[in-house]
Number of protein chains: 2
Amino acid sequence: MARTTPPRWRDVAEDLLRRIERGDLAPGDGSAARRRLPPEKDLELHYGVSRNTVREALSWLQNQGAVTSEQGKGTFVVHRPQADHVTLSAAALGLAPGGGDGEWYNRDAFIPAGRTVTVSPVKVEVQEGSQLISWYLQTDEETEFISRHQLLHLDGRPWAMQTSYYPLDFATAGASRLLKPRNIPEGAVAYLKETLGYTEVGFHDEIRARVPNESEKHFFSLGDSAADVVFETVRTAYSESGRAFRLTITIWPADRTRLHYNAGDVPDDVLTRPGQGGARDISPSGDDA
Amino acid sequence: MARTTPPRWRDVAEDLLRRIERGDLAPGDGSAARRRLPPEKDLELHYGVSRNTVREALSWLQNQGAVTSEQGKGTFVVHRPQADHVTLSAAALGLAPGGGDGEWYNRDAFIPAGRTVTVSPVKVEVQEGSQLISWYLQTDEETEFISRHQLLHLDGRPWAMQTSYYPLDFATAGASRLLKPRNIPEGAVAYLKETLGYTEVGFHDEIRARVPNESEKHFFSLGDSAADVVFETVRTAYSESGRAFRLTITIWPADRTRLHYNAGDVPDDVLTRPGQGGARDISPSGDDA
DNA sequence: TGGGATTTGTTCGTATGTATG
DNA sequence: ACATACATACGAACAAATCCC
């Protein structure tokens, strides 16, 4: 039999949520940048329930990503910053402004003008027998790979974690700088074209969302709420001969990132200012079944 | 000052997680399809903590999406089904097998052969003054829109919720079937081309991940855990004149959906079997800075 | 700088309700 | 009807972090 009345904590939680959305919480404290909820003791009296029941409600609100509690300070309405918009299709392959050269984030991830990307030192590792990597790069499982890992910041704030993989052969066949923990200023793609003669003619992206691991939580300052998930994009790039060319895995904090893709003919301002909105007039035609 | 020792519930939770991952839980019950954890009372004795502390640990594991509890039954390890892979770039615009005609899911969302999509009746509404819709379609805020909403099933299982929007003008200008709560078998894009003369030449997608609302939770059978989030894809399609053409918002359950995009030249088996893996050999070149 | 007040975090105990088998 | 198992709810004590005078 289904429950007829909701539990008390649920009533408390939903009332708090309404009050948060209406903005009429913390009446004496409406000035602060970060809106604060009344302390648990006050809520206890206000709703006529025990502190534990109040905490059940707050716990649910935390999981929903609506509030966050800090020991000794109080419980606060979560402030979600404006999202960063990243175009993953436009800059690559010379399909859009920015061309296809330079650092990976100029190739793979187009960001609106005026933003600054800073890059951590490269961490280089040699790995063997990763089933996942082998699968994407279509190699034997015993193949050894070079992984190059970096942390990316946008305007000084944590933005993405990124790792690229390629077979160890690349380094011995002429692209030795892949093994050095230094940036490749002209971009690894350009470098590999120059040294090994490979041209990137297409790519395939796979996107998932998942719970972050500890390292990702730390870098992006994420908690345990359902809002604190990450995107994982897996880009497989192909050479002219149709062979898997490179594998780049990027982690993005989903609460403040929007991913964009363009295909076909798209107005310029949509390409260059994703999420910004170019004002223009309308005209008809529709879709959907 | 940072805490030196973790709380007891955290120890319990992490130990349970280890035991879950190693598979050595529920020793007398290893046969069942769904692995069951020992009851709370047993854990209480095993770890020497109170039942409330055990429940703190289980609660955290639930939020992480690792377990789920059912009243009267027990606590079970969550079984994540194999993901469905959907290609959002290939089928549209005739860029890939499947062409560009027919129902939306043949145009917009390419799925591997052998899967069957079934569609709910269309729910048609007329809406006014949606700031969001106006923004994407670049219209005035007072413009009225037709919305056409459908539930999609893949092989009989809930797969996606989808809503398309276009100005009410479309219906009065000749595309009257948009207002009828019936499928448009040849596809709305083809229908609008025929009636209003618009051709779709490109599109822009924006992808986000967020906590589901009640309706989405219900349709996809999602809970409150951090694994139970949804993708929301917003597709804006453009006509030859570069005007916003249609707006299609699709909701996907992120725990069992992978989104795919292709660009440029990509091997055929990657196009037609995303997530399936065509076995082939390797060859070098790399990327990343 | 100190010390007390405030506020949330952790942990326990207990009782009762509800769903399952 | 009974036993099992999770859910809800209350009360209480102390710890830990912060705030404020």
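Residue numbering restarts at 1 for every chain, and letters A, B, ... go by the order of the sequence lines.
Ring planes of B:W159 and B:W252: perpendicular class, angle over 60° (limits at 30 and 60°). Between B:H153 and B:F219, the angle of the ring planes goes over 60°, which puts this pair in the perpendicular group of the 30/60° scheme.
Residue B:Q71 places no side-chain atom within donor-acceptor reach of the base of D:dA7, judged by atom type and a 3.5 Å distance cut-off alone.
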Taking only nitrogen or oxygen atoms into account, show me every contact under 3.5 Å that the protein makes with nucleotides 13-15 of chain C, one pair per line with its distance.
| unit_1 | atom_1 | unit_2 | atom_2 | d |
| --- | --- | --- | --- | --- |
| C:dG13 | N7 | B:N52 | ND2 | 3.3 |
| C:dG13 | O6 | B:N52 | ND2 | 2.8 |

Short N/O separations, protein against nucleotides 2-5 of chain C, under 3.5 angstrom:
none

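Remark: C1' of D:dA17 and CD of A:E70 are 11 Å apart, rounded to the nearest angstrom. Counting to the nearest Å, the C1' atom of D:dA5 and the CZ atom of B:R36 are 7 Å from each other. C:dT20 atom P lies 12 Å from atom CZ of B:R34, rounded to whole Å. In this entry the distance linking OH of B:Y47 with P of C:dT10 reads 18 Å, nearest Å. In this structure, NZ of A:K41 is placed 15 Å from C1' of C:dG9, rounded to the nearest angstrom. Taking atom CH2 on A:W9 and atom C1' on D:dC6, their separation rounds to 14 Å, with Å as the unit. The distance from atom CD of B:E40 to atom C1' of D:dA3 is 16 Å, rounded to the nearest whole Å. For the pair A:R8 CZ and D:dG11 P, the computed distance is 10 Å after rounding to whole Å.
Across every strand in view, D:dA1 sits unpaired, with no contact that passes the Watson-Crick or G-U test at under 3.5 angstrom.
Look at B:R10 and B:E14 and you find a salt bridge, because one of the NZ, NE, NH1 or NH2 atoms lies within 4.0 Å of a carboxylate O, short of that distance. For the pair B:D15 and B:R18, the salt-bridge criterion is met [side-chain N within less than 4.0 Å of a carboxylate O]. At a threshold of 4.0 Å, the pair A:E70-A:R34 counts as salt-bridged, since one of the basic side-chain nitrogens sits closer than that to a carboxylate oxygen.
Residues A:H204 and B:H260 form a side-chain contact, since some pair of their non-hydrogen atoms from C-beta on lies under 4.5 Å apart. Using a 4.5 Å cut-off on side-chain heavy atoms (C-beta onward), B:E125 and B:H149 make no contact.
Sorted by residue number, the list of members of residues 54-68 of chain A with any non-hydrogen atom under 4.0 Å from DNA chain D is empty.
Mapping B:T75 and A:P7 onto DNA chain D by nearest heavy atom places B:T75 closer to the 5' end of the strand.
Checked against a 6.0 Å centroid threshold, the rings of A:Y261 and B:Y261 count as neighbours.
Qualifying salt bridge (Lys or Arg N to Asp or Glu O under 4.0 Å) partners for A:E128, counting only residues two or more places apart in sequence or in other chains: none. Listed by chain and number, the residues in a salt bridge (Lys or Arg N to Asp or Glu O under 4.0 Å) with B:D224 are B:K217 (sequence neighbours excluded). Shown here are the salt bridge (Lys or Arg N to Asp or Glu O under 4.0 Å) partners of A:R51, two or more places apart in sequence or in another chain: A:E40.
Listed candidates were D:dA5, C:dT8, D:dC10. Nearest to the side chain of A:T53 is D:dC10. Checking C:dT8, C:dT20, D:dA7 against the side-chain heavy atoms of B:K73 singles out C:dT20 as nearest.
Here the rule is side chain to side chain contact (heavy atoms under 4.5 Å, CB included) with A:L154, and of A:T257, A:T118, A:V86, A:V117 only A:V117 fits it.
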